[in-house]
Amino acid sequence: MSAMNTNSNQLKRKRAGSSPPQGRKGTLKNSNIDSPHNVRADIKPLYNPLDPSRREIRLLRITGVSEDGTVECSLRTASLDDDINFAALSYVWGDESITREISMNGHRRNVTRNLESALRHIRNYSTTSQGRHEWLTASGAAPGKNDNHHEEDHVDKVESNEKPQNELACEARCDKDMTNDEINGSSKEQSQQYSSSEASNSKEDKDDYEVDYDPWKETHLESTHMGNVTRVAVGSGLLPLWVDAVCIDQDNLSERNHQVQLMREIYRKAAAVFSWIDSSREKNIDLALKTIRELVSSLRSHPEFDWASQHPELCELDGDADADTCFRNQYWDSIKYFEDSEYFHRLWIFQELWIGRARVFFISTNECLTLFSLLVYHGWARGLRAKPPPSIMNAYLWHSLRRRIPTFTTLIMHLRRKYENSQERIFYLVTTLCTYACKNPRDKVYGLLGIFPMKIIPDYEKSVEDVFIDLITDSGLQVSPGTLLVLSGIGIYPRSNDRVHRSWVPDFELLRSQLCLDSLKMSEIVGVKSEIPIHFRPSVSKIKGITCFGIQDTEVSEVVTEALEQQNTLYGSCYLQRLWLSVFIYLATNKSYLLNHPNLEECNRLRGFIETLVRLSSMSNLFEAYTPVERDDPIPWSRIDEFSTSSLFGMLLNNIGVCMFPLEKSDPHLVRNALDRLGFASKWDTQEMRQFFDVEHDNNNDDSNCLDLGLVLPLIYQVVFHTSSGLIGIGPGGMKATDKVYLIHGLTLPILLREVDGKLVNVGTCYISGIYDEVALEILKKRENNVQEINIVD
């Protein structure tokens, strides 16, 4: 008899009921209302109160499938303070209009198709020959041997959905918790595996947010086999499962608030975290997990193995030459689908993966893949770009892989990122908020509680703005006032809706679209700050807003370009080309202003404008997670002095010319009208443009493609402006003439402030060529006697 049937915890507690709540990933309307036809009179209520003092949670156990095919489950109450064993499910709700029924403690409930599909597949896997094989292997039994009748009888009963003969047996089975040895099998090696995982938990207990702890060092001890065995245990009803949508009564607001605080502990204590991706494309996920698993298996044995010869199917196109897919290869396309799935874009999911790292298993109908295996694949796939193509590789496929090979870079870099100080921690927080989405804006904060040390108590009755204020004023995070001013402002596009009203409070829901293109602002957050005199140090409070100290340097005289106000309205299909056209119109109409007047940095304003674009669009290594696609190297900021103004401007004109050709085809009327209005020929002529601007070809720097075509991306939501002192800058799309340009202590970028009803409000930070970094600090030092207190309350 194996260890799987010994030393089990007979926890015969009274089983409480539960009801499908508004899940953290969505709201299922009327899912928690029992129909009179679905509830027998003798059945107790599904949800009984939980005891917060004992950190009680509910656990779901899959007990079988009814005659009509409905997945049947039971719910019971357990305490995180006790020694309990369970697994956790990580998933996305999916389309909330498509529901299926499950049964819990006799109550029939509607849940989303994705959740029902996850429970059904976990149940079904325990009845397959593959699941049977994993189970018997874990128990120490050789499949097919006649001397292990008990294990075979157990699996046979699971396959036939045979119920225990009496109520007492059923009670014992449902209340039984598997021990750690039972989950991992009886072998000494498997026991050591789980002991290492438990040791990692103990280490985390010393410091809940210990940044030096690297769980990746221990993930090699976990295996696909362990994941499959645990999946069989859950599917056969021996191990309970925590599922947020059915284990939390979100009609009970106080319970919902309290359970959110326990998420970190739940996913830390879970023996396994099963990641169910998408029920609508099961075959794609199955193929993706299988392909990655087989590649990683070969890599772990032979890191330099000849992958092309061993996997020729990864080197050739599919039979359908006209297939409208990314790679026209089903294996790579399936991995790309896996990477692009909604699952990897949700904040709650990221938190679950971050907490459970070493115990995360991606599962599909037939496959199981560890998160560690995905890490190994990531390293291999990223290195593939730098290698020559295999001899048998299709040229088109290789070109596609070089540019778009799925690497899961965003996920892996966020999971592995560490921070050494408060500034790095805030940068990590901001990039996390920019990367992951939530359906409820409040979860932009509550979905971070398991990752960052905060003293916030969840309260879904609070307004979104008040929840955001809780985050930025939390003493555990210590967000600086300067960082808040970078992230906020009434002029930032796309604009906030009714969520945020105060100009100093960032709208974390829109942070991704507002900041991901602006490397200067992100560098401001993570950069080394100079020492601020004690009497000039800024402060922030929930009531008084931001109090800072600075001077007014200049004023906006005119805003000379327009920005997009709303997200996803990028001028139609050729938005990049249209942006370049708007830049050209600005250059042509302001030729004299740009060429004939000096800038602060002893160059003309034209160069200042070009340098501003280069500086804003420069992508440093901080943004590697956002640029997984290989690009031609643009001019980095460090090389800008190598190029003359004439050379830089020539590159600008070349880029505009490249963008005009597709735009002339898609919208010839727009181009013709613009050129006619400026007095040019009806078609773009680069030579004519050079003559107009008196720009000669620079033979010494023949780098016509050195400026990135994405150079104008900062102008999607930002505008070009001139100041009363004759400077040129780029600022938020909602700025106006007469906005005041201030320099303040604690911020190296200029900030725009506007007087409204006698009070100053934050419009947003801006970039003015010649007034930034050390220059701004020097100006503040020289004019220290003019520094005044600035209060930004509204």
Side-chain angles (χ1 to χ4, degrees), residues 25 87-94 114-115 117-126 128 130-131 134 197 215-216 219-235 241-243 267 270-297 299-300 331-346 348-381 406-412 414-416 436:
K25 306 176 183 73
L89 184 66
S90 176
Y91 70 103
V92 173
W93 266 73
N114 205 37
L115 173 54
S117 181
L119 297 176
R120 181 176 297 279
H121 280 83
I122 291 174
R123 162 67 185 176
N124 289 346
Y125 183 81
S126 68
T128 63
Q130 180 179 346
E134 298 279 6
S197 180
W216 296 104
T219 51
H220 67 282
L221 299 174
E222 309 293 343
S223 66
T224 300
H225 171 66
M226 174 184 169
N228 281 329
V229 171
T230 311
R231 177 158 48 153
V232 172
V234 173
L241 187 67
W242 189 85
V243 184
Y267 281 92
V273 176
F274 291 118
S275 295
W276 177 258
I277 308 299
D278 186 356
S279 61
S280 63
R281 299 283 291 273
E282 294 169 15
K283 290 183 179 180
N284 295 73
I285 301 300
D286 237 25
L287 183 59
L289 298 186
K290 180 181 180 182
T291 303
I292 295 174
R293 178 177 56 79
E294 291 178 349
L295 277 170
V296 170
S297 178
L299 284 168
R300 294 176 73 177
Y331 302 95
W332 289 114
D333 283 328
S334 67
I335 298 176
K336 184 62 177 173
Y337 176 82
F338 179 37
E339 180 186 48
D340 291 343
S341 63
E342 182 189 2
Y343 181 87
F344 291 115
H345 294 87
R346 313 304 293 182
W348 281 108
I349 297 296
F350 172 68
Q351 177 181 253
E352 292 158 7
L353 299 181
W354 190 91
I355 298 170
R357 283 173 277 196
R359 302 175 302 282
V360 170
F361 301 92
F362 299 103
I363 59 172
S364 61
T365 306
N366 300 305
E367 288 295 327
C368 180
L369 183 77
T370 64
L371 185 55
F372 174 69
S373 295
L374 196 63
L375 172 69
V376 175
Y377 165 82
H378 159 79
W380 173 79
T407 59
F408 302 86
T409 296
T410 300
L411 172 68
I412 300 301
H414 277 86
L415 287 175
R416 301 195 70 176
Y436 299 101

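- Between Phe274 and Phe361, the ring planes lie tilted relative to each other; the angle falls in the 30° to 60° range.
- Rounded to the nearest 0.5 Å, atoms CD (Glu294) and CG (Leu299) are 12.0 Å apart.
- Under the side chain to side chain donor-acceptor pair (under 3.5 Å) criterion, Asn124 pairs with no residue at all, not counting sequence neighbours.
- The backbone N or O of Val92 lies less than 3.5 Å from no partner atom in the side chain of Arg346, so there is not a single donor-acceptor pair.
- Between the side chain of Glu367 and the backbone N or O of Ile285 there is no donor-acceptor pair closer than 3.5 Å.
- A pairwise comparison of heavy atoms in Phe350 and Tyr436 identifies CD1-OH, 3.5 Å as the closest pair.
- Under a 3.5 Å cut-off, the side chain of Arg359 and the backbone N or O of Gly356 do not form any donor-acceptor pair.
- Side chain to side chain, Asn114 and Trp276 meet the donor-acceptor criterion of an N or O pair below 3.5 Å.
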Step by step, work out the side chain to side chain contact (heavy atoms under 4.5 Å, CB included) result for Leu115 and Trp93.
CA-CA 7 Å; Leu115 173 54; Trp93 266 73; 5.6 Å; no
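- Residues Thr410 and His414 bring no donor and acceptor atom of their side chains to less than 3.5 Å of each other.
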For a salt bridge (charged side-chain N to carboxylate O under 4.0 Å, His left out) check, start with the C-alpha distance between Lys336 and Asp340, then their side-chain angles and the critical distance, and finish with the verdict.
CA-CA 6 Å; Lys336 184 62 177 173; Asp340 291 343; 3.7 Å; yes
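- Between Asn228 and Tyr125, the side chains place a donor N or O and an acceptor N or O closer than 3.5 Å (distance only, hydrogens not considered).
- Here the options are Leu289, Thr291, Asn284, the test is side-chain contact (heavy atoms from CB on, under 4.5 Å), and the partner is Leu287; only Thr291 passes.
- Of the inter-residue distances, the one linking Phe408 atom CZ with His378 atom NE2 reads 11.0 Å to the nearest 0.5 angstrom.
- In this structure a side-chain-to-backbone donor-acceptor pair under 3.5 Å is missing from Ser297 to Arg293.
- Annotation: the span from Tyr91 atom OH to Glu352 atom CD amounts to 9.0 Å, rounded to 0.5 Å.
- Residues passing the side chain to side chain contact (heavy atoms under 4.5 Å, CB included) test with Ser373, sequence neighbours excluded: Val296, Leu369, Thr370.
- Across all non-hydrogen atoms, the minimal contact from Ser90 to Val273 is CB-CG1, 4.0 Å.
- How far OH of Tyr377 is from CD1 of Ile412: 11.0 Å, rounded to the nearest 0.5 Å.
- Between Phe362 and Tyr343, the angle of the ring planes goes over 60°, which puts this pair in the perpendicular group of the 30/60° scheme.
- Rounded to the nearest 0.5 Å, atoms CG (Asn366) and OG1 (Thr128) are 7.5 Å apart.
- Here the straight-line distance linking atom CG of Leu371 with atom CG of Leu375 works out to 7.5 Å at 0.5 Å rounding.
- Shown here for Cys368 and Arg231, the closest heavy-atom pair between the two residues is CB-NH2, 3.8 Å.
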